[in-house]
Enquirer: 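Structure in structure tokens, see below.
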Amino acid sequence: MGEVKVHALESIGLDLYPGEFVAIMGPSGSGKSTLLHLLAGLDIPTAGTIEMGQQTLSSMSDRELTLLRRRKISIVFQFFNLLPDLTALENVALPLLLEGKSVQDSHAAAKQALAWVGLLDRETHSADRLSGGEQQRVAIARAMVFQPELILADEPTGNLDHRTGQKVLELLRQAADEDEKTIVMVTHDPLAAVFADRVVFLTDGQIVDELRSDHLTVDLIVQAQANLQN
């Protein structure tokens, strides 16, 4: 920033495993979104490496990163990012169509994904006719339709009421438990973080604490946050 050098992230070391649900927490400006962008291959680190299986993201071309995101990584955004004029079915089928799958096969897989999120009865509704909670569930169906290895969720419940947000978190938890997807979720909300297996706390671009428990509670997470502020 001008003559001032700002390290968005520094000396980060993080391992992620199949079937693991990890919540990333920290104050605004702590590096949470940057970390998510790096994991998605949207940004390239100035130092260090990011590896997914046998692939090193920082050495891949733009085209290779695009194909990696299309085939192995899904992103669930806070603002859904659906195409408003397309139906729920068409939005979910789109990643498969981009991969060259037939319309018939893409729509069949999209129907299955919509059924998983409980929205098969809304398949013909355009995205702009769906509620916020329904749009987020469609976004999760789209994220799951090609069976990615890694799902990155950026404040996925930030625009939802509590009840709808719980449903979305239950779907992410189910994806980790039943399909062994790796879930990384950025959140400010301890009520959302309790769904995770592990909570990683960032401050000033560094991992400063990690909370792991067989049964995370809101009290444990709030106490960990308070300890960091003291």
Enquirer: Does some side-chain heavy atom of L220 sit less than 4.5 Å from a side-chain heavy atom of V218?
Expert: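 The answer is no, as the side chains (C-beta and beyond) never meet within the 4.5 Å cut-off.
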Enquirer: Should L96 and L94 be regarded as members of a common hydrophobic cluster, given that ILVMFWY residues are connected when their side-chain heavy atoms come within less than 4.5 Å of each other, either directly or indirectly?
Expert: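 No.
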Enquirer: Please list, chain by chain and in numerical order, all residues satisfying salt bridge (Lys or Arg N to Asp or Glu O under 4.0 Å) with E10, sequence neighbours excluded.
Expert: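 Scan of E10 (salt bridge (Lys or Arg N to Asp or Glu O under 4.0 Å), adjacent residues dropped) gives none.
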Enquirer: How many angstroms lie between CD1 in I50 and CD in Q55, if you round to the nearest 0.5 Å?
Expert: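 CD of Q55 is found 13.0 Å from CD1 of I50.
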Enquirer: Counting only heavy atoms not in Q112 (residues, nucleotides, ligands), do more than 12 fall under 6.0 Å from its CD?
Expert: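 Open.
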Enquirer: In this structure, would V194 and F21 fall into the same cluster of hydrophobic residues linked by side-chain contacts under 4.5 Å?
Expert: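 As far as the 4.5 Å side-chain criterion goes, F21 and V194 are connected within one cluster.
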Enquirer: Cut-off 3.5 Å, no hydrogens considered: what does the side-chain donor-acceptor table look like for residues 24-48, sequence neighbours left out?
Expert:
unit_1	atom_1	unit_2	atom_2	d
S30	OG	P27	O	2.7
K32	NZ	G26	O	2.9
K32	NZ	P27	O	3.1

Enquirer: I would like to know whether L152 and V76 meet side-chain contact (heavy atoms from CB on, under 4.5 Å); could you show each step before the answer?
Expert: CA-CA 6 Å; L152 305 172; V76 178; over 6 Å; no
Enquirer: Ignoring hydrogens and geometry beyond distance, is a side-chain donor-acceptor pair present between Q223 and N227 at under 3.5 Å?
Expert: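 The answer is yes; a qualifying pair exists.
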Enquirer: Taking D197 for the side chain and E20 for the main chain, is one N or O donor matched with an acceptor at less than 3.5 Å?
Expert: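 Pair absent, no side-chain N/O of D197 close to backbone of E20.
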Enquirer: Quick one: closest heavy-atom pair of A110 and L89, and the distance?
Expert: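 Closest pair (atom of A110, atom of L89, distance): CB-CD1, 3.5 Å.
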Enquirer: Using modelled atom types and a 3.5 Å cut-off, is there a donor and acceptor pairing between side-chain atoms of D105 and backbone atoms of K101?
Expert: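 Answer holds: no.
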Enquirer: Under a 4.5 Å side-chain heavy-atom rule over Ile, Leu, Val, Met, Phe, Trp and Tyr, are L216 and V200 clustered together?
Expert: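 Each belongs to a different hydrophobic cluster.
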Enquirer: Should L57 and M52 be marked as a side-chain contact (heavy atoms from CB on, under 4.5 Å) after you check the CA-CA gap, both sets of side-chain angles, and the distance that decides it?
Expert: CA-CA 7 Å; L57 273 62; M52 185 173 183; 3.9 Å; yes
Enquirer: Indicate yes or no for a side-chain donor-acceptor contact from T187 to the backbone of D189 under 3.5 Å, with no hydrogens or angles considered.
Expert: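 Flag set: sc T187 to bb D189 pair under 3.5 Å.
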Enquirer: Does R69 reach the side chain of T66, with side-chain heavy atoms less than 4.5 Å apart?
Expert: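 In contact.
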Enquirer: Treating Ile, Leu, Val, Met, Phe, Trp and Tyr as nodes and any side-chain heavy-atom pair under 4.5 angstrom as an edge, say whether I12 and V208 lie in one connected cluster.
Expert: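 I12 does not cluster with V208.
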Enquirer: Running the 4.5 Å side-chain criterion over Ile, Leu, Val, Met, Phe, Trp and Tyr, what cluster does V103 land in, apart from itself?
Expert: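 When side chains under 4.5 Å apart are linked, the cluster holding V103 also contains L97.
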Enquirer: May I ask you to test the L191-H162 pair for a side-chain heavy-atom distance under 4.5 Å?
Expert: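 Yes, their side chains come closer than 4.5 Å.
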Enquirer: Checking E178 side chain against A175 main chain: does a donor-acceptor pair fall under 3.5 Å?
Expert: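 Between the backbone of A175 and the side chain of E178 there is no qualifying donor-acceptor contact (under 3.5 Å).
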Enquirer: For the side chain of Q174 and the backbone of L171, is there at least one donor-acceptor N/O pair under 3.5 Å apart?
Expert: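 Between the backbone of L171 and the side chain of Q174 there is no qualifying donor-acceptor contact (under 3.5 Å).
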Enquirer: Could you point out which residue of R198, R212, E210, M185 forms a side chain to side chain contact (heavy atoms under 4.5 Å, CB included) with V22?
Expert: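 Of R198, R212, E210, M185, side chain to side chain contact (heavy atoms under 4.5 Å, CB included) with V22 is met by R198 alone.
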Enquirer: So which heavy atom on T157 is nearest to which on G165, and how close?
Expert: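 Shortest heavy-atom separation between T157 and G165 comes out as CG2-O, 3.6 Å.
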Enquirer: Assess whether atom CG of D62 is packed by more than 12 heavy atoms of other residues, nucleotides or ligands within 6.0 Å.
Expert: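 Atom CG in D62 is not crowded, with 12 or fewer foreign heavy atoms closer than 6.0 Å.
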Enquirer: In chain order, what residues pass the salt bridge (Lys or Arg N to Asp or Glu O under 4.0 Å) check against D177, with sequence neighbours excluded?
Expert: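 R173.
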Enquirer: If we only count heavy atoms from C-beta on, is the R70 to P95 side-chain gap below 4.5 Å?
Expert: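 Answer no - side chains too far apart.
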Enquirer: Verify, without hydrogens or angle tests, whether T182 (side chain) and Y17 (backbone) share a donor-acceptor contact under 3.5 angstrom.
Expert: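 Answer holds: yes.
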Enquirer: Is there a side-chain contact (heavy atoms from CB on, under 4.5 Å) between F201 and L228 once you walk through the steps?
Expert: CA-CA 9 Å; F201 296 92; L228 295 177; 3.5 Å; yes
Enquirer: K111: which residues meet the salt bridge (Lys or Arg N to Asp or Glu O under 4.0 Å) condition with it, sequence neighbours left out?
Expert: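 For K111 the salt bridge (Lys or Arg N to Asp or Glu O under 4.0 Å) partners, ignoring immediate neighbours, are E123.
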Enquirer: Does L202 share a hydrophobic cluster with I183, counting links as ILVMFWY side-chain heavy atoms below 4.5 Å and allowing steps through other members?
Expert: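 In one cluster: no.
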Enquirer: Could you pull out all donor-acceptor pairs under 3.5 Å where a side-chain atom in residues 126-149 meets a protein atom, sequence neighbours excluded?
Expert:
unit_1	atom_1	unit_2	atom_2	d
S126	OG	D128	OD1	2.6
S131	OG	E134	N	3.2
S131	OG	E134	OE1	3.4
E134	OE1	R122	NH2	3.2
E134	OE1	S131	N	3.0
E134	OE2	R122	NE	3.3
Q135	NE2	L130	O	3.2
Q136	NE2	F77	O	3.1
Q136	NE2	P156	O	2.7
R137	NH1	V117	O	2.9
R142	NH1	N81	O	2.9
R142	NH2	F80	O	3.0
R142	NH2	N81	O	3.4
Q147	OE1	K181	NZ	3.0
Q147	NE2	M144	O	3.2

